[in-house]
Student: 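One structure follows; several queries about it will come next.
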Amino acid sequence: MLRRALLAAAASERMHRAITAAPQARAIVGRYVAGETTGDAVRAARRLRDAGLLVSLDYLGEDTTEPHHAEAVTAEYVRLLGELSAAGLSAGGTAEVSVKPTAVGLFLPGSGEKTATANIERICAAARDAGTTVTLDAENHAAISPTLRIASELRADFGDLGCVVQARLRRSAADCRELASAGARVRLCKGAYSEPAEEAYTSRHEVDLSFARCMRLLMNGAGYPMIATHDPRLIEIAGALALLSGRSPGSFEYQMLHGIRPEEQRRLAAAGARVRVYVPYGSDWYGYLVRRLAERPGNLAFFLRSLR
Ligand code: FDA
């Protein structure tokens, strides 16, 4: 309930201005975001690689309304992939990138889907040159079908292009079934957006059941499951399902967000699992911060206290 209310309030311009202007917000952002520059992103990737972790870098931003901005975001990803490659961090998929289709033009009026497809194709080509992969993030439900269409179209040339399924959405099991039989790389997460009840499960319990259902489909399928959660119970179930489906530790991975349960990230990696940390960077952190605050009432209370 609080989560939905916060996500709804976050759309207001006033709240946006108040939060981004609050000096205390930066301290909290620092927990979740690696820094503002390409150099910060590369340094974070190196630190995590040295700790035995894999990385997915996300250049912050979403809901682009200007074509030149979609172009600038695309250019930043291409630059980042070049720098990761030069630093020896991308080969073999050690550090990959996560891209939000709305940041590269999906919702631009007119030919948004075409623009986003062309921009993502450029990022995929740069990732291939760098020896690594791209994963398309999942955004609100209106973006899901076009995102999956783009992923399916580009997988013909870039077979390792990954996409995300949000267990919160009622369509998730059907999407997992299709993606698992296509042999795709699929990140499964709970889903961070506020969705209407026709589209999404509303209780935690239903979302967790859906997550477990989707995990079973992905683990039993032909693709590469990427289990993105910090939830200890679901992490345990993932391990059990992997054993039951005869998967080796290299045939799936766990994923967690930068700054959340870092000891658990290291524990799983030390036990021989592949663990990838999702690392956002850039100055456009508002939407990302609000989703992290909405996940944890404790975070929100801490944030509000710090504003006093
Ligand atoms: P849950 O919210 O139940 O949290 C389980 C435990 O994790 C908590 O008890 C706490 O210990 C810790 N925790 C979780 N969130 C925290 C926070 N913000 N601060 C501090 N501790 C926290 N969503 C989406 O809609 N589209 C996407 O593309 C992605 N991509 C993505 C990539 C990766 C690698 C991850 C891990 C997650 C995403 N998400 C996402 C976000 C995801 O949908 C979800 O909102 C968060 O992962 C939180 O859900 P959990 O599964 O961790 O469970």
Side-chain angles (χ1 to χ4, degrees), residues 2-4 6-7 28-34 48 53-63 95-103 106 134-144 147-148 151 162-169 171-172 175 185-195 199-201 203-212 214-215 225-238 252-265 267-268 274-280 285 287-303:
L2 178 62
R3 180 181 163 275
R4 284 172 74 86
L6 182 70
L7 290 173
I28 296 178
V29 169
R31 169 176 178 188
Y32 296 116
V33 173
L48 290 162
L53 297 161
L54 305 166
V55 179
S56 191
L57 289 153
D58 161 42
Y59 181 53
L60 287 164
E62 52 204 86
D63 296 333
E96 64 138 34
V97 294
S98 286
V99 177
K100 286 191 171 44
T102 70
L106 184 61
V134 177
T135 300
L136 298 183
D137 283 345
E139 304 175 77
N140 72 18
H141 75 270
I144 302 300
T147 297
L148 293 180
C163 57
V164 177
V165 171
Q166 297 154 313
R168 181 177 307 286
L169 295 185
R171 58 180 288 169
S172 57
D175 286 338
R185 286 170 68 246
V186 180
R187 176 194 300 155
L188 175 65
C189 65
K190 288 190 184 177
Y193 294 79
S194 179
E195 302 289 2
E199 301 289 342
Y201 300 111
S203 78
R204 260 183 174 273
H205 180 63
E206 285 177 309
V207 174
D208 289 357
L209 283 179
S210 167
F211 197 109
C214 289
M215 248 189 322
M226 304 183 277
I227 307 301
T229 182
H230 315 91
D231 185 327
R233 225 156 43 107
L234 293 173
I235 291 171
E236 210 172 297
I237 295 173
F252 71 102
E253 66 188 45
Y254 297 97
Q255 297 192 342
M256 295 191 203
L257 301 177
H258 179 263
I260 304 183
R261 303 200 69 205
E263 332 69 43
E264 177 66 358
Q265 296 168 12
R267 185 192 72 78
L268 285 167
R274 281 169 68 82
V275 182
R276 191 175 300 276
V277 183
Y278 182 102
V279 181
W285 42 258
Y288 188 83
L289 174 70
V290 168
R291 288 194 291 279
R292 300 294 78 79
L293 293 176
E295 276 152 12
R296 299 276 289 160
N299 285 349
L300 179 61
F302 175 69
F303 180 68

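Counting starts at 1 for both ligands and their atoms, following the listed order. Sequence positions, counted from 1, serve as the residue numbers for this chain. Since we're looking at a predicted model, the values are computed, not measured.
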Student: Of Met226, His258, Arg187, Arg204, which has the heavy atom at the shortest distance from atom 31 (C) of ligand 1?
Tutor: Arg187

Student: Using heavy-atom distances, let me know which of Leu289, Asp231, Ile227 sits nearest atom 5 (C) of ligand 1.
Tutor: Asp231

Student: Determine, considering heavy atoms only, which of Val165, Ile235, Leu257 sits nearest to atom 35 (C) of ligand 1.
Tutor: Leu257

Student: Quick one: does Arg291 get within less than 4.0 Å of ligand 1, heavy atoms only?
Tutor: no

Student: Is Ile260 touching ligand 1 with its side chain, its backbone, both, or neither, if touching means heavy atoms under 4.0 Å apart?
Tutor: side chain

Student: What part of Val164, side chain, backbone, both or neither, has a heavy atom within less than 4.0 angstrom of ligand 1?
Tutor: side chain

Student: Report the nearest protein non-hydrogen atom to atom 52 (O) of ligand 1: residue, atom name, distance rounded to 0.1 Å.
Tutor: His230 ND1, 2.7 Å

Student: Mark the output for Tyr32 as yes if a heavy-atom distance to ligand 1 is under 4.0 Å, and as no if none is.
Tutor: yes

Student: Quick one: list whatever passes salt bridge (charged side-chain N to carboxylate O under 4.0 Å, His left out) with Arg296, sequence neighbours left out.
Tutor: none

Student: Relative to atom 48 (C) of ligand 1, which among Glu295, Glu253, Arg296 owns the nearest non-hydrogen atom?
Tutor: Glu295

Student: Out of Arg261, Arg31, Arg292, Lys100, whose heavy atom sits nearest atom 20 (C) of ligand 1?
Tutor: Arg31

Student: My understanding is that we take every heavy atom of each candidate and find the minimum distance to atom 43 (O) of ligand 1. Doing that for Gly191, Pro232, Pro280, which one comes out nearest?
Tutor: Gly191

